[in-house]
Structures are given as C-alpha cells and as structure tokens.
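The structure appears right after this line, and notes come after that.
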Amino acid sequence: MAEKMVVTPWEVSGKIDYDQLIKGFGMKPFARFAKILPDNVLFRRGIVYGHRDFERIADAIKKKKEFVMMTGLMPTGKFHLGHKILADQIIYYQSHGAKVYVAVADIEAYNTRLGSMKELKKTAIEEYLLNYIALGLKPKNCDFYFQSNRSSNAKKANAYYKLAGMAARHITFNEMKAIYGAINPGRITSALFQASDMFHPELPEFGGPKPVVVPVGFDQDPHLRLARDIGNRIKEFKFIQLSSTYHKFVVGLKGGKMSSSDPTSFIALTDSPEEAAKKIRKHAFSGGQETVEMHRKKGGNPDIDVSYQWLYAFFEPNDKKIKNIHDDYKSGALLTGELKEYLIKKVTAFLKEHQKKREKARNMVDKFLVKD
Ligand code: TRP
C-alpha cells in the first residue's frame, strides 16, 4: 500500500488520504455542516467530506433563501451506484429549496468521446433522466438542459452561449494545460462550456447573482478551480463565487475502482435483481477471514469489506443498524456470507422498486424536456 496517491480528473490511484487531499487542494472539512444538516446520510456519515465556501449554502437552506444546485453529466455508459451518490445529493438539495440545474454535457461528450449527438441524447434520457426521476427528482424547480440546446427562449440561450464565449479571455493556455495535461480544442471548448454551466444561473437572464453549489467527487476539483478563477476575473457580472462539496469515491464491487468499462465492478440501476445478487455473491470483496473458525475468533474488517461499505453509503440508512452490523462483523459474530446476503436483500428490494418507478418515469420525461 506504499503506492503513491494520484487524484486527477484523469487518474485516481494509490491509497487515498482524504485529509491530505483537503489540505493539498486548499479545501475545508465538511464535518461541521453535517451537524447542522443531519438529515442527509451522506453528510452525516462523512461521505461528503470536503467543501469550498459552503457557508452560504448552509445559510440559504437554514433561512430558506434562494440558491442553486448545479451539476453536469456525461451521457455515456450505464447509470450505476457511483452515479447514485450524486443523484442523491441533487434530490436532497431540491427537497431543501434549491433550484436544480442539470447540464447534459453532450458537447463535451461529443468532443472527447466521439459519440453521435443522437446517441448521446438517448443515453442522457434512458440512463440518467429516467433514473433521476425514479430516485425522486421533481420537474418543479428543475432545469434539465443539453449543452447543445440550452433553451428555446432566445434571451436565455444567448446569455448562456455568450458567457461560454467570454470565458475564454479570462483563462490562459498555460493554466488550461496545467489542468488538462494533454490539451486539445475539444477540451478547451468543454472547459468553457462547463464554466458557463456553473455560473450562468447567476446571469440576469436567469435571475441574477445567487449562491450556487456544485457537488463533485474529489477528482473533479481542478474543474472547480478553473471555473472559480474565471468567475473571479469576469468583472461584468458580479458573480457570487461558487460553493462546492467533495464526496469520497465509491468503492467498486471487487474492492478497486468502480469503472464504467468493467460491469463486474458496479451494479447498474438497470441490472436485474438476480444479476445483481449474482454479482455480489461472486465478486464482492470481503474483509472476512479465510475460514469460519478464524472469522469467529479474529473477526472481520468492515473498513475494507465492500458489502459493508455499500450498506454504509447506500442501503442501510438506519444508524443503529449500521453500527450493529459494523460491530458484529468486527467481532466475528456476523459472517461474510451473512453480510453479503443482507446486502443482497437490500439491493434486490431496492432494484425491484426502483425499476418499477423507472418505467413509470417515462410519462414524466416531457415535463423535464419541454421548457422555455
Ligand atoms: N465535466 C463533467 C464530467 O466529466 C460534466 C460537466 C459538464 C459538469 N458541466 C458541468 C459537472 C457542470 C459539474 C458542473 O463529468
């Protein structure tokens, strides 16, 4: 485990030390807000772990003042548990008074992965929007848009594209290179669109300056730093600086990274319950001992056990129950097989329910797509 930690938008490897990341990136620990906002499992359990400028968001939630939650999605691959962590946050902020902006980064995807615009749109709806709706996203106070089609209201659309265009003056080639390494016109374009995604809710055409929170994984911070620099330097609009939160990485089924290109590393929200159970039985990395006898004697290690980690982050919101599972596994009273079956019970029940809701969500799609 002496492997060096690397955390960039392009590579995550080594043993992750989140406290060191917070220091190195110049963020702050999120813990004190978890105390103010205890009704969010991800906050309470330290999965959302770092932040920048979150004070004004906590304040807006508390005082019921206007604020925005902004995020973007790459419409490629399958929607899996790694994506759910962000979806849960979107829905949390919406239910706490945020106006939600979700950008489908189809221009970015087109320029970096070369899918057709038509395919990208289909994936955005089938994999992302339908799952978001099934998880609880509401059409009210939600602006779900495509980078390639911001709005049919020309004033709003122009404002968004104008900001993306103007942003270019406020960043240097070397700054971009430092962030993106291998740089090309597609990446430059994507970065400018992304900065506009993040700041355009503050334009006069969208109601003027207001607090905006962008929740991301730790590896995405360079994007935030770039956008923040641009926001600071554009003097025309009096932007309130972005707030952001940073969540920990969701461990993959086999213990390593959750990777979209390896279906045995994740559970997709469209996997059948049987498929999911099979994957967990076969692949879930265990923190248990080699034999039942040894496990009873020495106990297991919940900190590296994937079934436990997934229960902790997603499937066992009851704090008392998760603590019991933790303690019983550690003492050896609970066996790996039993822990896996508990997870399987939770996951299959969730998937069954979710997939019904996802089919029903088809009727709602138009409510999200048709707007001014
Ligand atoms: N670049 C992001 C990704 O790779 C997608 C994205 C586009 C985004 N615009 C955004 C994320 C605005 C957050 C906010 O996933």
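Given the structure is predicted, the values throughout are model-derived calculations rather than measurements. First listed ligand is number 1; within each ligand, the first listed atom is number 1.
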Exercise. Among Met74, His223, His83, Met198, which residue places a heavy atom closest to atom 3 (C) of ligand 1?
Worked result: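 That would be Met74.
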Do [X] and [Y] sit within salt-bridge range, that is, some charged N less than 4.0 Å from a carboxylate O?
| X | Y | value |
| --- | --- | --- |
| Lys78 | Glu126 | no |
| Asp327 | Lys323 | yes |
| Asp59 | Lys64 | no |
| Asp106 | Lys121 | no |

Look at [atom] and say which protein heavy atom is nearest, naming residue and atom and giving the distance to 0.1 Å.
| atom | answer |
| --- | --- |
| atom 9 (N) of ligand 1 | Asp197 OD2, 2.8 Å |
| atom 11 (C) of ligand 1 | Gly72 N, 3.4 Å |
| atom 5 (C) of ligand 1 | Glu108 OE1, 3.6 Å |

Problem set entry | Side-chain donor-acceptor contact under 3.5 Å, Ser13 with Glu11 |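 Yes - a donor-acceptor pair under 3.5 Å links their side chains.
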For this session: Answer yes if the side chains of Thr264 and Lys254 hold a donor-acceptor pair under 3.5 Å, and no otherwise.
Result: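 On atom types as modelled, these side chains qualify, holding a pair under 3.5 Å.
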Exercise. Looking at ligand 1, does any of its N/O atoms fall within less than 3.5 Å of an N/O of Gln194?
Worked result: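 Yes, Gln194 has an N/O under 3.5 Å of an N/O on ligand 1.
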Exercise. Where does Ala103 meet ligand 1, judged by heavy-atom distances below 4.0 Å: at the side chain, the backbone, both, or neither?
Worked result: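 No part of Ala103 comes within reach of ligand 1.
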Exercise. With a cut-off of 4.0 Å, which atoms of ligand 1 are near a heavy atom of Met70?
Worked result: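 The atoms of ligand 1 under 4.0 Å from a heavy atom of Met70 are 12 (C), 14 (C).
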Exercise. Should you measure from each heavy atom of Ala105, which atoms of ligand 1 turn up under 4.0 Å away?
Worked result: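 Those qualifying, in numeric order: 7 (C).
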